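Notes for the one structure printed next.
Source: prediction; values computed, not measured.
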Amino acid sequence: MPAKRFIRGIICALAAGAGLPFTHALLAPFLGAQGALLAAACLGVSLYAAFLSLSCGASVFAALALMSLPLAGALLGAPPAVVALQTGFCLGWIRFVRCFRGSPLSRFLVEVLLVGGGGVLAGLLAPSDMAPLPFSRNALGWGMSLWLFLLVQGVYLLPRGRCHDPKSRSSEEAFELAMRRARQLLDE
């Protein structure tokens, strides 16, 4: 199960990174180049947070509500460093509190290493300017940086095979339960 979750995480990270130039191109006329870039990155990380919540059986709504904080910062013109810190903190908080179990100290250290390490690696790969033109080499570089950040975050899914709720069912069981319930409703 952890390997499937990790592969799905890679696909989700790829979708977020590949979607960044397109999202940026759509938002740039309304938010300006920098605001659109930050908003597109926040939306990509929000997609990943929703995937993470779904894979753990945690509330997707709660995850997206929390991820709306950095998005609001991006839309209101907060500096890029502030938005990046907000995004990393919110993603770490979702995992630390909502998704996985273990001792608080080990979870905290893992969060610091993954969010901090992923941020540093993504920052090293990111283009030097904050205002990429849509579909330029810079926009693709920012997309690759987001993908790298989310790939590093996906490492969290490998050793942590168990989700926070020990009573949580697998997705197949949940699907079968929903199908039975739908059939009962249709039969009535």
Side-chain angles (χ1 to χ4, degrees), residues 1-20 38 40-74 78-126 142-175 177:
M1 184 72 171
K4 283 184 182 178
R5 197 176 331 181
F6 178 69
I7 291 170
R8 290 178 185 149
I10 289 174
I11 293 169
C12 183
L14 179 61
L20 186 131
L38 293 174
C42 289
L43 288 172
V45 177
S46 296
L47 172 74
Y48 186 79
F51 158 75
L52 188 64
S53 296
L54 277 174
S55 67
C56 292
S59 170
V60 175
F61 179 75
L64 292 177
L66 187 60
M67 290 306 296
S68 69
L69 295 175
L71 180 61
V82 171
V83 174
L85 287 173
Q86 285 176 331
T87 304
F89 177 80
C90 289
L91 183 62
W93 184 261
I94 290 168
R95 283 193 305 226
F96 185 81
V97 173
R98 308 287 299 169
C99 288
F100 296 100
R101 62 179 164 203
S103 73
L105 181 61
S106 69
R107 288 188 298 168
F108 178 74
L109 291 176
V110 167
E111 290 302 333
V112 168
L113 287 174
L114 287 181
V115 171
V120 167
L121 286 175
L124 291 174
L125 180 66
W142 280 106
M144 289 176 57
S145 294
L146 178 63
W147 185 45
L148 178 63
F149 174 76
L150 293 176
L151 282 178
V152 171
Q153 303 315 303
V155 171
Y156 199 85
L157 296 170
L158 280 178
R160 306 270 193 205
R162 296 183 200 103
C163 292
H164 183 64
D165 184 8
K167 295 182 247 174
S168 67
R169 298 182 176 111
S170 71
S171 61
E172 292 84 11
E173 290 177 29
F175 178 76
L177 181 65

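Residues A15 and L47 approach most closely at CB-CD2, 4.4 Å, considering heavy atoms. Considering all non-hydrogen atoms of both residues, F149 and G119 come closest at CD1-N, 3.6 Å. The minimum heavy-atom distance linking V83 with A78 is given by the pair CG2-CB, 3.8 Å. A49 and I94 get closest at one heavy-atom pair: CB-CD1, 3.8 Å. Here the shortest heavy-atom pairing between C56 and R5 reads SG-NH1, 4.4 Å.
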Side chains of residues 58-71: which donor-acceptor pairs under 3.5 Å do they make with residues two or more places apart or in other chains?
| from | atom 1 | to | atom 2 | distance (Å) |
| --- | --- | --- | --- | --- |
| S59 | OG | F61 | N | 3.4 |
| S59 | OG | A62 | N | 3.1 |
| S68 | OG | A65 | O | 2.5 |

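Judged as a side-chain contact (heavy atoms from CB on, under 4.5 Å), and not counting sequence neighbours, the contacts of I10 are F6, L151. Legend: residues meeting side-chain contact (heavy atoms from CB on, under 4.5 Å) with F108, ordered by chain and number and at least two apart, are F96, V112. L121 is linked by a side-chain contact (heavy atoms from CB on, under 4.5 Å) to L148, V152, counting only residues two or more places apart in sequence or in another chain. The side-chain contact (heavy atoms from CB on, under 4.5 Å) test applied to A84 returns no partner, not counting sequence neighbours.
Note that CG of L91 is 7.0 Å distant from CD of E111, once rounded to the nearest 0.5 Å. If you take CG on L52 and OG on S46, they are separated by 12.0 Å, rounding to the nearest 0.5 Å.
Among residue pairs with one or both ends in residues 143-155, those qualifying as side-chain hydrogen bond (donor to acceptor under 3.5 Å, both in side chains) are R95-Q153; sequence neighbours excluded.
Ring pair Y48/F51 is tilted by interplanar angle, where 30° to 60° counts as tilted.
Counting heavy atoms from C-beta outward, L150 and C12 have side chains that stay 4.5 Å or more apart.
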